[in-house]
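Just so it is clear, the model here is predicted, and its values are computed rather than measured.
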Amino acid sequence: MQWTVVVPVKALARAKSRLSDTAADGLRPGLALAFAQDTVTAVLGCAAVRDVAVVTDDPVAGRELAALGAGIVPDEPGDGLNAALTHAAAVVRRRRPDGAVAALNADLPALRTAELARVLEAAAEFPRAFLPDTAEIGTTLLAAAPGRELQPVFGVDSRVRHRSSGAVELTLDAVDSVRQDVDTGDDLRAALALGVGPHTAAAAARLLIPGHRPG
């Protein structure tokens with residue numbers, strides 16, 4: 001099964017506010033962009049992925065991620081993350097009605113293509129499936145098989161909400177890089193320990209992170 005992966009990227013100026021204890025205001029937009037660049041690069045390198053659709057209205061993010069090979073979908077109708085994902089999935093399905101669609105967080109800087117492939121292979125067994133984040137509260141990936149609606153309910157307690165919506169929770173070992181999203185300084189340190197992509201490594205080198213030595 002070949003997948004189109006939808007990656008939502010919010011306005012960089014408003015991104016990653018919970019990293020304020022780790023990154024100054026002037027550094028957070030660049031850090032958020034670096035996360036998205038490493039995420040999209042890893043997704044595009046996955047053999048199970050046909051293409052990537054980034055949903056964003058941020059001109060810098062759109063330009064930089066398009067340069068990597070992602071398609072850009074406008075953030076419509078401007079009514080939050082779930083509405084944006086629903087819109088992007090509909091755009092994708094109009095182009096490829098027989099395709100499988102997955103929504104993936106943009107803040108997975110340690111993402112490994114082989115681990116993503118394992119998750120997508122497992123998701124292909126179900127009409128809808130999701131992968132919880134490392135904290136086991138949120139969701140990093142939501143997948144819908146051909147002919148099935150994505151029905152995203154990201155936000156607070158999205159693990160419970162996606163499970164309640166009928167999506168199957170994937171329980172896989174050794175896919176830490178697909179689960180390790182970055183919202184806090186501790187999350188960033190955990191991602192660095194896993195090994196992040198080059199964009200995040202360069203951005204993190206400008207931060208004073210105890211115990212981290214830039215590669």
For the residue pair [X] and [Y], establish whether any side-chain heavy-atom pair is separated by less than 4.5 Å.
X	Y	value
D183	K16	yes
V101	W3	no
P152	T86	yes
E115	T113	no
L68	Q37	yes
T4	V52	no
V9	L65	yes
Q180	D187	yes

Check: [Y] main-chain N/O paired with [X] side-chain donor or acceptor under 3.5 Å:
X	Y	value
D133	G138	yes
R159	P132	no
R128	Q151	yes
R93	G99	yes

**OP:** Test side chain to side chain contact (heavy atoms under 4.5 Å, CB included) on D98 and R96 and set out the steps.
**Re:** CA-CA 5 Å; D98 61 340; R96 292 198 176 95; 4.3 Å; yes
Do [X] and [Y] share a hydrophobic cluster, counting only Ile, Leu, Val, Met, Phe, Trp and Tyr and linking them when any side-chain heavy atoms are less than 4.5 Å apart?
X	Y	answer
L170	M1	yes
V54	V6	no
V60	L19	no
L141	F130	no
L44	V5	yes

Separation between [atom1] of [X] and [atom2] of [Y], rounded to the nearest 0.5 Å:
X	Y	atom1	atom2	value
S165	L142	OG	CG	7.0 Å
T200	L33	OG1	CG	9.0 Å
D75	L81	CG	CG	8.5 Å
L12	D58	CG	CG	3.5 Å
T56	R63	OG1	CZ	12.0 Å
T184	L188	OG1	CG	8.5 Å

**OP:** List the steps and the verdict of side chain to side chain contact (heavy atoms under 4.5 Å, CB included) for D38 and H199.
**Re:** CA-CA 6 Å; D38 286 331; H199 296 92; 3.0 Å; yes
Please find the pair of heavy atoms, one from [X] and one from [Y], that lie closest to each other, and give the distance.
X	Y	value
V92	A53	CG2-CB, 4.0 Å
A204	L31	N-CD1, 4.3 Å
T39	A106	OG1-O, 3.1 Å
V55	P8	CG1-CA, 3.4 Å
L150	A89	CD2-CB, 4.2 Å
A110	S177	O-CB, 3.1 Å

**OP:** Could you point out which residue of L131, L104, V178, V49 forms a side-chain contact (heavy atoms from CB on, under 4.5 Å) with L120?
**Re:** V49
Subject >> Parallel, tilted or perpendicular: rings of H162 and F154 (30°, 60°) >> reply: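 F154 and H162: perpendicular rings.
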**OP:** Determine, for R179 against D176, whether the closest basic-nitrogen to carboxylate-oxygen distance falls under 4.0 angstrom.
**Re:** no
**OP:** Output, in order, the C-alpha distance, side-chain angles, deciding distance and verdict of side chain to side chain contact (heavy atoms under 4.5 Å, CB included) for R95 and D51.
**Re:** CA-CA 12 Å; R95 188 169 68 244; D51 53 7; 3.5 Å; yes
